Amino acid sequence: MRRDSRLSGVLHVLLHMAQQPGPFTSETLAKAMDTNPVVIRRIMAGLRDLGYVRSEKGHGGGWTLACDLSKVTLRDVYIALGSPALLAMGNRTEAPGCLVEQAVNAALDQAFHDAEALLLSRLGEDLRKRLGSRKLQAISAHHT
């Protein structure tokens with residue numbers, strides 16, 4: 001099963017945007033994330049709707065930060081992406097009347113809930129804190 005890496009990719013792009021002034025086109029961001037510009041526009045639209053980025057049309061336009069990134073948490077970005085499923089595992093539901101399946105699902109439900117709560121708590125920390133003092137490189141270093 002392929003994992004959803006949008007959160008990681010968007011965080012990567014946002015941090016590069018914070019380090020380099022000026023707008024970034026969807027095409028430039030798509031190259032950095034190794035995806036299609038349409039995918040970037042869809043993802044960035046969710047960030048724009050919550051006030052994290054803005055877009056300018058026309059020559060010299062593109063995506064820019066619209067907020068102080070140090071006040072944005074990983075959880076904020078996760079929510080802007082539409083709160084995708086955090087865990088790829090789930091309960092079996094093929095035999096809902098089976099007492100064994102019910103017992104297994106009840107035990108797993110609590111474990112899944114606890115794991116998701118811990119992950120969401122960690123995502124609530126701000127981006128800079130999570131990265132520490134790592135030096136960020138320019139987005140142009142990708143796919144040159």
Side-chain angles (χ1 to χ4, degrees), residues 1-96 98 101-102 104-144:
M1 173 186 285
R2 186 168 181 195
R3 293 181 185 240
D4 184 340
S5 62
R6 288 178 299 160
L7 180 60
S8 175
V10 169
L11 293 170
H12 186 144
V13 165
L14 288 173
L15 290 168
H16 278 301
M17 290 173 73
Q19 294 300 113
Q20 221 174 336
F24 290 87
T25 66
S26 296
E27 289 74 19
T28 301
L29 296 174
K31 282 183 183 178
M33 287 182 63
D34 196 24
T35 192
N36 188 294
V38 173
V39 172
I40 294 296
R41 285 190 280 277
R42 196 174 318 130
I43 289 170
M44 298 301 274
L47 296 171
R48 181 190 57 220
D49 292 347
L50 293 176
Y52 301 129
V53 298
R54 66 178 150 264
S55 63
E56 297 291 328
K57 294 182 179 182
H59 182 71
W63 297 98
T64 57
L65 289 177
C67 66
D68 178 356
L69 203 54
S70 68
K71 292 181 172 49
V72 177
T73 67
L74 300 171
R75 188 175 187 162
D76 294 334
V77 177
Y78 164 78
I79 290 167
L81 289 173
S83 303
L86 290 171
L87 303 174
M89 293 187 299
N91 288 331
R92 175 185 153 90
T93 58
E94 283 74 27
C98 176
E101 184 173 285
Q102 291 173 15
V104 168
N105 288 351
L108 288 176
D109 278 343
Q110 188 61 52
F112 291 151
H113 174 73
D114 292 348
E116 190 169 277
L118 176 61
L119 182 54
L120 286 172
S121 171
R122 295 267 174 92
L123 290 178
E125 299 172 8
D126 77 60
L127 293 172
R128 302 277 178 194
K129 179 179 178 185
R130 299 289 298 153
L131 287 173
S133 61
R134 295 180 188 160
K135 194 88 166 146
L136 302 175
Q137 298 173 344
I139 199 167
S140 60
H142 294 280
H143 303 284
T144 54

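Only heavy atoms go into these numbers, but all of them, side chains included; no hydrogens, no water, no symmetry mates. Quick caveat: nothing in here was measured; it's all calculated off a predicted structure. By convention here, the first residue in the shown sequence is residue 1.
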Item to complete: Determine, stepwise, if the pair V104 / R92 fulfils side-chain contact (heavy atoms from CB on, under 4.5 Å).
Response: CA-CA 9 Å; V104 168; R92 175 185 153 90; over 6 Å; no

Fill in: Criterion side-chain contact (heavy atoms from CB on, under 4.5 Å) against V77, the qualifying member of L69, L123, L7
L7

Worksheet entry | Residue pairs involving residues 80-89 (criterion salt bridge (Lys or Arg N to Asp or Glu O under 4.0 Å); sequence neighbours excluded) | none

Worksheet, complete the sentence: Here the salt bridge (Lys or Arg N to Asp or Glu O under 4.0 Å) pairs for residues 9-21, sequence neighbours left out, are none

Practice prompt. Could you list the residues that satisfy side-chain contact (heavy atoms from CB on, under 4.5 Å) with P84, not counting sequence neighbours?
Written response: D4, R6, Y78, L81

Worksheet, complete the sentence: salt bridge (charged side-chain N to carboxylate O under 4.0 Å, His left out) filter on D49, not counting sequence neighbours, yields none

Worksheet, complete the sentence: Hits for side-chain contact (heavy atoms from CB on, under 4.5 Å) against R48, two or more places apart or cross-chain, chain-then-number order -> A45, V53, S55, W63

Discussion item. Do L74 and R122 have side chains that approach each other closer than 4.5 Å (heavy atoms only, starting at C-beta)?
Written reply: no

Practice prompt. Compare all side-chain heavy atoms of L47 with those of L14 and state whether any distance is below 4.5 angstrom.
Written response: yes

Worksheet item: Considering all heavy atoms of both residues, which atom of A30 and which atom of P37 are nearest to each other, and what is their separation?
Response: CB-N, 3.5 Å

Item to complete: To the nearest 0.5 angstrom, please state how far the CG atom of L86 sits from the CG atom of L119.
Response: 5.0 Å

Fill in: Atom pair CG (L108) and CD (E101), whose distance is rounded to the nearest 0.5 Å
10.5 Å

Practice prompt. Could you tell me which residues satisfy side-chain hydrogen bond (donor to acceptor under 3.5 Å, both in side chains) with N105, sequence neighbours excluded, listed by chain and number?
Written response: none

Practice prompt. Determine which pairs satisfy salt bridge (Lys or Arg N to Asp or Glu O under 4.0 Å) with at least one residue from residues 59-68, sequence neighbours left out, and list them in order.
Written response: D68-K71

Worksheet item: Could you state the interatomic distance from CE (M44) to OG1 (T64), rounded to the nearest 0.5 Å?
Response: 8.5 Å

Worksheet, complete the sentence: Sorted by chain and number, sequence neighbours left out, side-chain hydrogen bond (donor to acceptor under 3.5 Å, both in side chains) with D114 holds for Q110

Discussion item. With a 4.5 Å cut-off on side-chain heavy atoms, are M33 and H12 touching?
Written reply: no

Fill in: side-chain contact (heavy atoms from CB on, under 4.5 Å) against L87, all qualifying residues, sequence neighbours excluded
F112, A115

Worksheet item: side-chain hydrogen bond (donor to acceptor under 3.5 Å, both in side chains) with T25: which residues, sequence neighbours excluded?
Response: T28

Worksheet entry | salt bridge (charged side-chain N to carboxylate O under 4.0 Å, His left out) involving E27 - partner list, sequence neighbours excluded | R41

Response to the item:
The side-chain hydrogen bond (donor to acceptor under 3.5 Å, both in side chains) partners of E116 (sequence neighbours excluded) come to none

Worksheet entry | Smallest separation among heavy atoms of G60 and P23, with atom names | O-CG, 3.2 Å

Practice prompt. Taking all heavy atoms of G51 and all of C67, pick out the closest pair and write down the distance.
Written response: O-CB, 3.9 Å

